[in-house]
Amino acid sequence: MAFVRIQHLTKRYGQHRAVLNDFSLDVAANEFVGVMGPSGAGKSTLLNIIATLTKPTSGTVHVGDQPVTQWGDAKSAAFRRTQLGLIVQTFNLIPELTVADNLALPLTMLPPRPKDLAERVAQVADQFGLEPLLTQYPHQLSGGQQQRVAAARAIITRPRLILADEPTGSLDSHAATTFLQHLDWLHRRAQTTILMVTHDAFTASFCDRIVFIKDGQFFAEVTRHGDREAFFERIIDMAATIGGGRRQDATFNQD
Ligand SMILES: Nc1ncnc2c1ncn2[C@@H]1O[C@H](COP(=O)(O)OP(=O)(O)OP(=O)(O)O)[C@@H](O)[C@H]1O
Ligand SMILES: [Mg+2]
């Protein structure tokens with residue numbers, strides 16, 4: 001059964017050619033799907049439409065049985081707040097709040113406010129190695145540290161669906177591996193469905209399946225069977241076939 005059902009999605013800005021062109025995809029409950037493709041292929045647009053941040057020109061997205069693309073602003077905002085973990089290319093941390101308060105923010109916006117808020121902040125801070133930074137402000141953090149805060153904040157509500165747009169883009173290989181192991185844990189143990197855009201084959205190798213998009217259309221998919229290194233090699237091959245992407249670092253880094 002599909003948990004995320006994307007049907008005939010088309011997105012056009014003004015009179016320009018379609019950024020997404022009749023794109024369809026089913027993502028199963030608890031599946032971890034990677035989205036790859038050249039710059040400008042429509043990956044972020046796709047994620048933003050599923051996240052109800054952008055409206056499609058035509059086509060629909062269902063999450064569970066909910067027609068999220070049909071909703072107005074209030075319902076969309078409630079969906080994002082209560083059901084979605086969103087990790088975007090810009091981190092959107094609140095500059096006036098400490099790391100601890102940035103982490104707690106999604107919980108403080110939930111009615112009712114959870115009683116174990118402090119424990120949950122401590123838990124995600126521990127998972128992402130953020131304890132020493134809890135009293136700092138975003139401008140005092142490196143890009144990689146801000147990305148970890150944004151990732152921790154996205155999962156603190158224990159969402160059923162995580163949408164991540166290049167979540168490892170500013171992490172070093174150790175931090176990226178830790179983060180990816182955490183996503184892997186979420187999807188194995190916490191029944192979380194994950195869609196992750198990435199340019200990086202090592203990052204992608206943590207997924208169950210990679211969907212390649214080119215010019216707003218489905219191009220190919222690669223499904224993992226067996227070990228991660230073999231999957232990585234197949235992802236590299238497909239990325240080379242599709243072309244136009246950033247240069248791949250073709251070494252499998254176990255870290
Ligand atoms: N608000 C907008 N108005 C007009 N065109 C837009 C807008 N947002 C995106 N586009 C165009 O849509 C196309 C797809 O953009 P998108 O951000 O989805 O690509 P992407 O696959 O995420 O690329 P990247 O890998 O560089 O992040 C691009 O050509 C972009 O210029
Ligand atoms: Mg993008």
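The basis for the numbers below is simple: all heavy atoms, side chains too, and nothing from hydrogens, waters or symmetry mates.
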Checklist line | Joint hydrophobic cluster, Leu161 plus Ile156, side-chain heavy atoms closer than 4.5 Å | finding: no
Item checked: Qualifying residues under ring-ring contact (aromatic ring centres under 6.0 Å, His included), relative to Phe206, sequence neighbours excluded -> Phe202
Next item on the list: Answer whether the closest heavy-atom distance between the side chains of Val33 and Ile194 falls below 4.5 Å.
Entry: no
Check: How are the rings of Trp71 and Phe79 set relative to one another: parallel (under 30°), tilted (30 to 60°) or perpendicular (over 60°)?
Finding: perpendicular
Notebook entry, point to check: Rounded to the nearest 0.5 Å, what separation is found between the CG atom of Leu163 and the CG atom of Leu195?
Noted result: 6.0 Å
Next item on the list: Group every Ile, Leu, Val, Met, Phe, Trp and Tyr by side-chain heavy-atom contacts under 4.5 Å, then state whether Val68 and Leu84 land in the same group.
Entry: yes
Check: Residues in salt bridge (charged side-chain N to carboxylate O under 4.0 Å, His left out) with Asp101, at least two apart?
Finding: none
Compile the donor-acceptor pairs under 3.5 Å between side chains in residues 7-19 and protein atoms, sequence neighbours left out, one pair per line.
{"residue": "His8", "atom": "ND1", "partner": "Asp22", "partner atom": "OD1", "Å": "2.8"}
{"residue": "Thr10", "atom": "OG1", "partner": "Asp22", "partner atom": "N", "Å": "3.0"}
{"residue": "Lys11", "atom": "NZ", "partner": "Lys55", "partner atom": "O", "Å": "2.6"}

Note to self: Check for me, please, whether Ile162 and Leu180 land in the same ILVMFWY cluster - side-chain distances under 4.5 Å, paths through other members count.
What the structure shows: yes
Notebook entry, point to check: Are Leu130 and Phe179 linked, directly or through other ILVMFWY residues, by side chains that come within less than 4.5 angstrom of each other?
Noted result: yes
Checklist line | Modelled atom types, side-chain donor and acceptor of Ser44 and Asp165, under 3.5 Å | finding: yes
Note to self: I need the minimum non-hydrogen distance between Pro159 and Ala154, along with the two atoms involved.
What the structure shows: CG-O, 3.6 Å
Checklist line | For Arg80, salt bridge (charged side-chain N to carboxylate O under 4.0 Å, His left out) partners two or more places apart | finding: none
Notebook entry, point to check: Between Glu31 and Ala28, is there a donor-acceptor pair closer than 3.5 Å when you use the side chain of the first and the backbone of the second?
Noted result: yes
Next item on the list: Could I get the full list of salt bridge (charged side-chain N to carboxylate O under 4.0 Å, His left out) partners for Glu221, not counting sequence neighbours?
Entry: Arg209
Next item on the list: Could you list the residues that satisfy side chain to side chain donor-acceptor pair (under 3.5 Å) with Gln66, not counting sequence neighbours?
Entry: Gln83
Next item on the list: Find the distance between CH2 (Trp185) and OG1 (Thr192) and round it off to the nearest 0.5 Å.
Entry: 8.0 Å
Item checked: Heavy-atom closest contact (Leu47 atom, Ala164 atom, distance) -> CD2-O, 3.4 Å
Next item on the list: Would you please name every residue forming a side chain to side chain donor-acceptor pair (under 3.5 Å) with Asp208, sequence neighbours left out?
Entry: His187
Checklist line | Side-chain donor or acceptor of Gln70 paired with backbone N/O of Pro67 under 3.5 Å | finding: no
Next item on the list: Evaluate the side-chain proximity of Phe218 to Ile213: yes if any heavy-atom separation is below 4.5 Å, no if none is.
Entry: no
Checklist line | Minimum-distance pair of heavy atoms, taken over all atoms of Val222 and Arg234 | finding: CG1-NH2, 3.4 Å
Notebook entry, point to check: Residues in salt bridge (charged side-chain N to carboxylate O under 4.0 Å, His left out) with Asp65, at least two apart?
Noted result: none
Next item on the list: Rounded to the nearest 0.5 Å, what's the gap from CG on Leu53 to CG on Asn48? Could you check?
Entry: 5.5 Å
Margin query: If hydrophobic clusters are built from ILVMFWY residues whose side chains come within less than 4.5 Å, do Leu107 and Ile87 share one?
Written below: yes
Notebook entry, point to check: Under 4.5 Å between any side-chain heavy atoms of Leu186 and Ile155, yes or no?
Noted result: yes
Checklist line | Trace of the side-chain contact (heavy atoms from CB on, under 4.5 Å) decision for Leu20 with Ile49 | finding: CA-CA 10 Å; Leu20 283 175; Ile49 291 172; 3.8 Å; yes
Notebook entry, point to check: Is a side-chain donor or acceptor of Thr193 paired with a backbone partner of Asn30 at a separation under 3.5 angstrom?
Noted result: yes
Notebook entry, point to check: Between Phe128 and Ala152, what is the shortest heavy-atom contact and its length?
Noted result: CD1-CB, 3.6 Å
Note to self: Do Met238 and Phe219 have side chains that approach each other closer than 4.5 Å (heavy atoms only, starting at C-beta)?
What the structure shows: yes
Checklist line | Backbone of Ala230 reached by a side-chain donor or acceptor of Arg228 within 3.5 Å | finding: no
Next item on the list: Sorted by first residue and then second, give each side chain to side chain donor-acceptor pair (under 3.5 Å) pair with at least one member in residues 149-163; sequence neighbours left out.
Entry: Gln123-Arg158
Note to self: Quick check against the 3.5 Å criterion: does Asn102 have a side-chain atom that pairs as donor or acceptor with the backbone of Ile94?
What the structure shows: yes
Notebook entry, point to check: With sequence neighbours left out, which residue pairs that include part of residues 117-135 fulfil the salt bridge (charged side-chain N to carboxylate O under 4.0 Å, His left out) condition?
Noted result: Asp116-Arg120
Next item on the list: Check the pair Thr52, Thr69 against side-chain contact (heavy atoms from CB on, under 4.5 Å), reporting the backbone distance first and the verdict last.
Entry: CA-CA 6 Å; Thr52 70; Thr69 40; over 6 Å; no
Notebook entry, point to check: Can you check whether Val149 reaches Gln145 side chain to side chain, under 4.5 Å on heavy atoms?
Noted result: no
Next item on the list: Kindly indicate, with the supporting measurements, whether the criterion side-chain contact (heavy atoms from CB on, under 4.5 Å) is fulfilled by Val124 and Gln127.
Entry: CA-CA 5 Å; Val124 294; Gln127 282 161 342; 3.8 Å; yes
Margin query: Please find the pair of heavy atoms, one from Ser205 and one from Phe232, that lie closest to each other, and give the distance.
Written below: CB-CB, 4.0 Å
Next item on the list: Scan for salt bridge (charged side-chain N to carboxylate O under 4.0 Å, His left out) pairs involving residues 173-184, sequence neighbours excluded, and state none if there are none.
Entry: Asp184-Arg188
Item checked: Close side-chain approach of Ile242 and Pro38, heavy atoms under 4.5 Å -> yes
Check: Are the side chain of Gln147 and the backbone N or O of Pro167 linked by a donor-acceptor pair below 3.5 Å?
Finding: yes
Next item on the list: Verify whether one side chain among Thr98 and Thr135 offers a donor that lies under 3.5 Å from an acceptor in the other.
Entry: no
Notebook entry, point to check: How many angstroms lie between CE in Met36 and CE in Met196, if you round to the nearest 0.5 Å?
Noted result: 9.0 Å
Check: Within a strict 4.5 Å, meaning less than it, do heavy atoms of the Phe231 and Thr223 side chains meet?
Finding: no
Check: Which side chain to side chain donor-acceptor pair (under 3.5 Å) pairs, counting each pair once, include a residue from residues 210-220, with sequence neighbours left out?
Finding: none
Checklist line | Value rounded to 0.5 Å, distance of OG1 in Thr241 from CZ in Phe212 | finding: 8.5 Å
Check: Is the backbone N or O of Thr203 less than 3.5 Å from a side-chain atom of Thr168, with the two atoms forming a donor-acceptor pair by type?
Finding: no
